[in-house]
Amino acid sequence: MEIKKLHSFDVHIQEAREIQRRLRDMIVLKSPRAEFTLVAGADVSFPGSIRGRGTNRARAGVVVLDAETLETVEESVTEVECRFPYVPGFLIFREGPAVLEAFQKLKHAPDLVVFDAQGIAHPRGLGLASHLGLFLDLPSIGCAKSRLVGESAEPGPNRGDSSTLYFEGRDVGRVLRTKPGVKPVFVSPGHRMDQETAARVVLGLVTRFRLPEPTRRAHRLVTTGKT
DNA sequence: GCGACAG
DNA sequence: ATCTTGTCGC
C-alpha cells in the first residue's frame, strides 16, 4: 500500500515528546460504521540481539487476514537499522520506521490494523498504535501484553471479561481476558477507533490463544519464519 | 532520591 | 525485545 509522506522518526527525545503532544490532538476516537474486511497485524523483532543489546536490526512484519475466515491473505517482512533505543513511551521512534516500510511493501490495503503496543493508553495519549494509525490513515487498535500507564481492577475470570483502564481520570482502555486462567491483554483505541469497538473486535479475532490472530501471526512471522 | 516503565 | 532450563497442565 502507499504511504503518502515519508515521516522521519530520527529525532531526539526532547522533540519526540513535543511531536507526540502535537499529534495526539489529531487522533479520532470514533470507529467507522462499515465493517472491517481485511485486518492487519504488525510486530517487530530484533534478531540476534542479546538482552536488547548487540545488533540493532529491526525486523518488522505485517500479516493481512480476512476478518471473517481469519485466513492469511498477505505477508510482508522487512529489516532496517534502528537508531533510537528503547525508551518507555517512545517505542514508535524505535520500531516505527521498520513497520512503515513493511506496510509500504504491502499490496493489499487493510481496513484495520492491530498493533502489539498501546493506543491512547500512553503518557501523552499517543502510543505506537495511535501514531501509526494516524500516519497510515487507517483505523487502528493497540493490543499490548502489559501495562504502560493507568490503573485498573483485575478483570473477571472468563473469556470476554474486562475492566476499565484509567489514566489521569480518563478511560483510556480495557484490560481484557481473552482466555480463562491467562493474563489479560491491554486494549486501547489507536486511531479512528472507540473503546467498545476495540475490545469487541479484538475478542472476535482471538481463537485459542491469548493474543488475537493478527498480532500473534505477525509475531510468529518476525521471530520464527512460519505462518 | 526511589520505583515504574509498551517492546 | 532476547536468552533459556525446567516444570506444570491439558
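A, B, ... follow the sequence lines: proteins, then strands. Residue 1 opens every chain. Just so you know, these numbers use all the heavy atoms, side chains as well, and skip hydrogens, waters and symmetry mates.
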S.K.: Applying a 4.0 Å non-hydrogen cut-off, can you work out what A:A144 is touching in the nucleic acid: base, sugar-phosphate, or nothing?
M.R.: sugar-phosphate

S.K.: Just how far, in rounded Å, is P of C:dC10 from CZ of A:F209?
M.R.: 17 Å

S.K.: Of all the nucleotides listed (B:dA4, B:dA6, C:dA1), which has the minimum atom distance to the side chain of A:S146?
M.R.: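 Looking only at side-chain atoms, A:S146 lies closest to B:dA6.
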
S.K.: Rounded to whole Å, how long is the line connecting atom CZ of A:F90 with atom C1' of B:dC5?
M.R.: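 Distance check: A:F90 CZ to B:dC5 C1' gives 12 Å.
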
S.K.: What is the distance, to the nearest angstrom, from the CZ atom on A:F84 to the P atom on B:dA6?
M.R.: 15 Å

S.K.: Rounding to a whole Å, what distance do you find between A:I92:CD1 and B:dC5:C1'?
M.R.: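 For the pair A:I92 CD1 and B:dC5 C1', the rounded distance is 18 Å.
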
S.K.: Would A:Y86 pass as stacked on B:dG7, i.e. its ring centre under 5.5 Å from the base's six-membered ring centre and planes under 30° apart?
M.R.: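 By the stated criterion, A:Y86 and B:dG7 stack.
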
S.K.: Without decimals, in angstroms, what is the distance between A:R94 CZ and C:dT2 C1'?
M.R.: 11 Å

S.K.: Among A:V202, A:L165, A:T164, A:V185, exactly one meets side-chain contact (heavy atoms from CB on, under 4.5 Å) together with A:R174. Which residue is that?
M.R.: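 Looking at A:V202, A:L165, A:T164, A:V185, the match for A:R174 under the side-chain contact (heavy atoms from CB on, under 4.5 Å) is A:T164.
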
S.K.: With respect to the side chain of A:T223, which nucleotide from B:dG7, C:dT2, B:dC5 is positioned closest?
M.R.: C:dT2

S.K.: Are OP1 or OP2 of C:dA1 and a side-chain N or O of A:H219 less than 4.0 angstrom apart?
M.R.: yes

S.K.: When you get a sec, tell me which of C:dA1, B:dG7, B:dA6 is the closest nucleotide to the side chain of A:D43?
M.R.: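 When the side chain of A:D43 is considered, B:dG7 is the closest of C:dA1, B:dG7, B:dA6.
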
S.K.: Atom CZ of A:F167 to atom C1' of B:dA4: distance rounded to whole Å?
M.R.: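 Computing the A:F167:CZ to B:dA4:C1' distance gives 12 Å.
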
S.K.: I want to check one thing: is the phosphate of B:dG7, taken as OP1 and OP2, less than 4.0 Å away from some side-chain N or O of A:K145?
M.R.: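 For A:K145, the contact criterion (side-chain N or O under 4.0 Å from OP1 or OP2 of B:dG7) is met.
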
S.K.: For the residue pair A:H131 and A:F9, is the inter-centroid distance of their aromatic rings smaller than 6.0 Å?
M.R.: yes

S.K.: Report the distance from atom CZ of A:F93 to atom P of B:dA6, rounded to the nearest whole Å.
M.R.: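 Roughly 17 Å, once rounded to whole Å.
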
S.K.: May I have the distance from A:L211 (atom CG) to B:dG7 (atom P), rounded to whole angstrom?
M.R.: 9 Å

S.K.: So what does A:G89 hit on the nucleic acid, given a heavy-atom distance under 4.0 Å: a base, only sugar-phosphate, or nothing?
M.R.: base

S.K.: For A:V44, run the side-chain contact (heavy atoms from CB on, under 4.5 Å) check against A:V99, A:V222, A:D116 and tell me which one passes.
M.R.: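 Of all the options given, the one that passes is A:V99.
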
S.K.: Describe the nucleic acid contact of A:Q118 in one word from base, sugar-phosphate, nothing, applying a heavy-atom distance below 4.0 Å.
M.R.: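 Base contact - A:Q118 has a heavy atom under 4.0 Å of at least one base atom.
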
S.K.: Establish, with yes or no, whether the OP1 or OP2 oxygen of B:dA6 is under 4.0 angstrom from a side-chain nitrogen or oxygen of A:R147.
M.R.: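 No, because none of the side-chain N or O atoms of A:R147 sits under 4.0 Å from OP1 or OP2 of B:dA6.
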
S.K.: Any side-chain heavy-atom pair from A:R83 and A:D10 closer than 4.5 angstrom?
M.R.: yes

S.K.: How long is the gap from NZ on A:K179 to CZ on A:R210, to the nearest 0.5 Å?
M.R.: 11.5 Å

